[in-house]
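In what follows, chains carry the letters A, B, and so on, assigned in the order in which the sequence lines appear, proteins first and then strands, with residues in each chain numbered from 1. For clarity, every value in this text was computed on a predicted model and none was experimentally measured. Only this structure's heavy atoms are used, side chains among them; waters, hydrogens and symmetry mates stay out.
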Protein chains: 2
Amino acid sequence: MVVGLEHLPELLPVAGVKLGTVAAGIRYRDRLDLAVIEAIEGSTCAAVFTRNAFCAAPVVVARRHLAKNSPRLLLINAGNANAGTGAQGIMDAEACCTTLAELAGVAPRAVLPFSTGVIGEPLPVPLVRGALPQAWEARSSTGWEEAARAIMTTDTVPKGLSVSFTCQGHPVTVTGIAKGSGMIRPDMATMLVFLATDAQVPQEVLQLCLTKAVAESFNRITVDGDTSTNDACVLLATGKSGVSIRAAEDSDFAALQQAVSEVCLHLAQAIIRDGEGATKFIAVKVAGGGNIQECEQVAYAIAQSPLVKTACFASDPNWGRILAAIGRSGVPDLEITGVSLYLSEVGVVDKGIPHPDYTEEQGRAVMERDEITIGVELGRGDSCAQIWTCDLSFDYVKINAEYRS
Amino acid sequence: MVVGLEHLPELLPVAGVKLGTVAAGIRYRDRLDLAVIEAIEGSTCAAVFTRNAFCAAPVVVARRHLAKNSPRLLLINAGNANAGTGAQGIMDAEACCTTLAELAGVAPRAVLPFSTGVIGEPLPVPLVRGALPQAWEARSSTGWEEAARAIMTTDTVPKGLSVSFTCQGHPVTVTGIAKGSGMIRPDMATMLVFLATDAQVPQEVLQLCLTKAVAESFNRITVDGDTSTNDACVLLATGKSGVSIRAAEDSDFAALQQAVSEVCLHLAQAIIRDGEGATKFIAVKVAGGGNIQECEQVAYAIAQSPLVKTACFASDPNWGRILAAIGRSGVPDLEITGVSLYLSEVGVVDKGIPHPDYTEEQGRAVMERDEITIGVELGRGDSCAQIWTCDLSFDYVKINAEYRS
């Protein structure tokens, strides 16, 4: 079930970016599973990768290539994560990069590889290499939607968004696509996100922009607390719009940041809305903290509590579980007498005790909605943080307990 | 379902301890739900309480009373946690202590209160006070099994163990009972543990003994990562065996420690075996760590991963999920090339890559057992740690999603 993601919005071309897809038969039959994204020469690239210590072979190779120069090509396959595959996995990823580089007439290090799918099985290199010429031929500036579909594993819907704004008298576009549905799906590793803009942005400035956007979007979501071995988010800037943003201090940078942040937030929330077995979209909003870290700590303790998540699934306004999660979040010297709790607009706990006007019926009415906000006021300061999660349903267990077949 | 806990072992009386139980009708019909444990004058008492910042009223009161003198009486009710009840909850807990103190002819501060059950509802003080005379009259040295039943909430079986050893030519007994089934059951808060020995032990020495035993048992289990507002573990020492253990350096202390640790470990594992929806009992054993903390970190990352837990439920030897959990555990500079993984006796991953002899059939055969060991070798040092958990099943979601009725 998908919560509030009825259709894919129109994805606008980004001048200087072409995308080609193909059904390579890596794991799935009769569906797109390989995508190539080409950025014109002179483009810059920012990237953020998984913090998992055991990153997959393509992440190792992508990091290496990125350190050497600015990439021109992204090569993404679904169906096989090329993770837990040791030295062979690295060679396999490199081999695929080399094939694409030959087609494009660039150095292999100009290609960044990305894989998502089953962990611990060797990448079927001949299938990937054999399919690349067709993907290369198929590339087009309108290929975003097909690419959004090609990178899906067990996502139930494709995910993408475009945002445009005017800058220096020219239109600037930011388009992004993402896949992910649980930090790791049955054993389909990975959240992958690919963004591009036609603004011209130096690499360091682009990286600042992406890092900030990711911090407030992809780093603020949780389905089950697991981080994949393959997570990656890439932002390309082609410069083809004629708009140049030279430094983070430029007034135009704020407009770019806003657009990139908006696309990232939409995609991050889309991953939650399509979360494994999700029937509810839950925002956890913690205010009144002494600092942002303690607000995040409390928010994650709530969002990752299986007891809170199952209560949401059951539409049960079980505020005792939320209070217990706050209490064990590890915030030092937390006093219950300062803590208030809301379920969307309904006050439930007021400074540590049940709100005098609260009724179970009010709480239940809120919890029966598709979208719920759990609001916490800590009464310790002015900081706040918000994260997003989904409920824990029978289908989560079903999806994750199904055998890999 | 309970994994490997067919019957309650015989619970031996502890000289100097009497237990009385009664059906007070606090929440359940026609079952014992109130217990009184009396220790003779001169007994010492050690206790460990929840680390949740929002501890329940009885925990606040018990801590206060314990600071003032050595308690003589424990008063335990099931069905209502007296948590999230503010100042009224404190007064209610005190009122119940006062009634029992009057019956026993002791000061109210000689009574420690414990509650387990629904959070956020006022304690039905008249029911508790009204039932106390009957519980007091009923007390007997053979009341351990009835008390083990009276403190249950949604546990499916009573939990207890006795261990005896000979010391200074006399038999010494340690008997303990516990309740708990998930750190918090639907909204039945709490793990409660009550132990007694007839050795004579000074309070500070007794506390050392209990703290060590708890660290290696109750602090090494997890069902769902949640810590309740009411968790408590108490050890009484009556001295009636004629055996006196004066200091932790005494050779006899080791024998007592061993007995107390054995009872605690049995009870802790019994809680996991009766975990919410548990169909498997899982030991997670991490060796080769640079220190114990990093071994624990890795063990908890595995044991609390919903993906690992659902794989166990499905008997799926999905080692990619285990590897991913290790990788995100936060151990600094962890190298996958040092990490090996075992499912019970079967080698699965050898220094970061699939073990050459491993087959999926071997893995599946292990995972289909009721009891599984997930073994990890980090290849960084000589430290090790072991914790215990259970799988994540449909019934976990069912139990926790059921409405409080």
Side-chain angles (χ1 to χ4, degrees), chain A residues 50-55 81 83-88 118-120 182 184 186-187 189 224-229 304-307 310-311 313-314 316 318-321 323-329 331 333-337 339 349 352-354 392-394 396-404, chain B residues 50-55 81 83-88 118-120 182 184 186-187 189 224-229 304-307 310-311 313-314 316 318-321 323-329 331 333-337 339 349 352-354 392-394 396-404:
Chain A
T50 180
R51 286 180 280 198
N52 196 304
F54 299 165
C55 57
T85 47
Q88 185 62 48
V118 181
I119 293 180
I184 308 180
D187 41 331
D224 47 26
D226 274 300
T227 310
S228 129
T229 51
Q304 293 185 347
S305 161
L307 293 168
T310 46
F313 171 54
D316 177 5
N318 195 327
W319 55 268
R321 294 185 188 176
L323 227 49
I326 301 169
R328 73 171 164 79
S329 63
V331 170
D333 306 318
L334 190 60
E335 294 285 350
I336 197 169
T337 49
V339 173
V349 172
I353 54 170
L392 173 54
S393 68
F394 287 116
Y396 178 89
V397 178
K398 186 166 189 297
I399 290 166
N400 285 297
E402 270 170 0
Y403 189 57
R404 292 164 290 169
Chain B
T50 179
R51 287 181 281 199
N52 196 303
F54 299 166
C55 56
T85 45
Q88 184 63 46
V118 181
I119 294 179
I184 307 181
D187 39 334
D224 48 24
D226 273 299
T227 312
S228 131
T229 51
Q304 293 184 347
S305 161
L307 293 168
T310 46
F313 170 54
D316 177 6
N318 196 327
W319 55 269
R321 294 184 187 178
L323 226 49
I326 300 170
R328 73 170 165 80
S329 63
V331 170
D333 305 319
L334 190 60
E335 295 285 348
I336 196 168
T337 50
V339 173
V349 172
I353 54 171
L392 172 54
S393 68
F394 287 115
Y396 177 88
V397 178
K398 186 165 188 296
I399 290 165
N400 285 296
E402 269 170 2
Y403 189 57
R404 293 163 291 170

For B/Q88, check side chain to side chain donor-acceptor pair (under 3.5 Å) against everything at least two apart and list the hits. B/D92

Check whether any side-chain heavy atom of A/V397 lies under 4.5 Å from a side-chain heavy atom of B/Y396, and answer yes or no. no

Smallest heavy-atom separation, B/P354 atom then A/G84 atom, equals CD-O, 3.4 Å

Counting heavy-atom pairs under 4.5 Å with chain A, which one of B/I353, B/T337, B/L392, B/L334 comes out on top? B/L334

Report which part of [X] has an atom under 4.5 Å of a heavy atom belonging to chain A: side chain, backbone, both, or neither.
X: B/V339; result: side chain
X: B/F313; result: side chain
X: B/T85; result: backbone

Counting only heavy atoms closer than 4.5 Å, note whether A/S393 contacts chain B via side chain, backbone, both or neither. backbone

Sorted by chain and number, sequence neighbours left out, ring pair (Phe, Tyr, Trp, His ring centres under 6.0 Å) with B/F54 holds for none

